[in-house]
Amino acid sequence: NTTWQGAAAGIHLDLAQNLLWLRQTSAATLEAKAGCGIATRLSARDPTVARWQSLVTRCSLLRSKLAMIAGATSIALGSAQEALRSVRRETISDPISRSFAIASAYRLIGESYRKAGDEALARQAWEEGYSQILRSALEGPREILERATPLRYRPRSVDARELSDSTPANGYNLRGQ
């Protein structure tokens with residue numbers, strides 16, 4: 001049943017992300033591989049299903065993060081660019097969620113460029129991601145991270161520091177992201 005398979009893929013991807021936050025990279029890689037395998041098979045069956053599109057985007061984002069941790073910068077960049085293409089194909093009904101998903105892909109693109117030694121392209125990617133963000137009244141740790149990252153590398157870095165410093169008071173820790 002595809003409903004259950006989609007749910008299983010989402011659970012694997014959620015667990016992979018949580019393991020990444022706990023810096024358990026090997027376990028995160030295994031969970032991401034399992035979730036991405038299911039998501040890829042579902043998407044191949046019908047790429048128009050919005051839930052499956054979202055799972056494929058999450059897979060690309062996770063692959064990018066894992067590749068970055070492993071030092072595979074070109075793979076990280078390729079996966080982040082694929083995540084950007086994927087999220088743009090998605091039919092997300094919530095424009096705020098969409099804007100943060102796009103910002104997340106651009107953040108990873110920027111981080112990949114920075115690790116490759118190209119600060120100019122990194123800043124350009126971060127700025128593009130920042131420009132995509134729609135302001136919402138309720139921002140969680142992920143949204144704050146997407147908003148703070150590009151600010152760290154521009155004259156408004158004080159704003160980023162204030163934003164990052166405010167998160168522990170809310171129970172959030174952005175350093176492990």
At what distance, to the nearest 0.5 angstrom, does [atom1] of [X] lie from [atom2] of [Y]?
X   : Y   : atom1 : atom2 : value
S64 : L84 : OG    : CG    : 11.0 Å
L77 : T73 : CG    : OG1   : 9.0 Å
L61 : R58 : CG    : CZ    : 9.5 Å
W52 : T2  : CH2   : OG1   : 4.0 Å
L30 : T25 : CG    : OG1   : 11.0 Å
H12 : C59 : NE2   : SG    : 11.0 Å

Are [X] and [Y] grouped together when hydrophobic residues (ILVMFWY) are joined by side-chain heavy atoms under 4.5 angstrom apart?
X    : Y    : value
I69  : L13  : yes
L62  : I75  : no
I109 : I102 : yes
V56  : L66  : no
Y113 : M68  : no

Any donor-acceptor N or O pair under 3.5 Å, side chains E128, Q124: no
Distance-only donor-acceptor check, side chains T57 and S86, under 3.5 Å: yes
Exercise: identify the closest heavy-atom pair between [X] and [Y]:
X    : Y    : answer
Y106 : W126 : O-CD1, 4.0 Å
A103 : G129 : CB-O, 3.5 Å
A16  : A32  : CB-N, 3.6 Å
A67  : A76  : CB-N, 3.5 Å

Ion pair E82/R85, N-O distance below 4.0 Å: yes
N-O pairing of R107 and E111 below 4.0 Å: yes
Remaining members of the apolar cluster that contains L15, side-chain heavy atoms under 4.5 Å: L19
Heavy-atom check, side chain of L20 versus side chain of Q17, under 4.5 Å: yes
Candidate pair R98 and Q132, rule side-chain contact (heavy atoms from CB on, under 4.5 Å), full reasoning: CA-CA 9 Å; R98 178 182 171 83; Q132 299 293 317; over 6 Å; no
Within residues 36-48 or reaching into it, pairs that qualify as side-chain hydrogen bond (donor to acceptor under 3.5 Å, both in side chains) - sequence neighbours excluded: D46-T48
Non-neighbouring partners of A50 that pass side chain to side chain contact (heavy atoms under 4.5 Å, CB included), sequence neighbours left out: Q53, T91
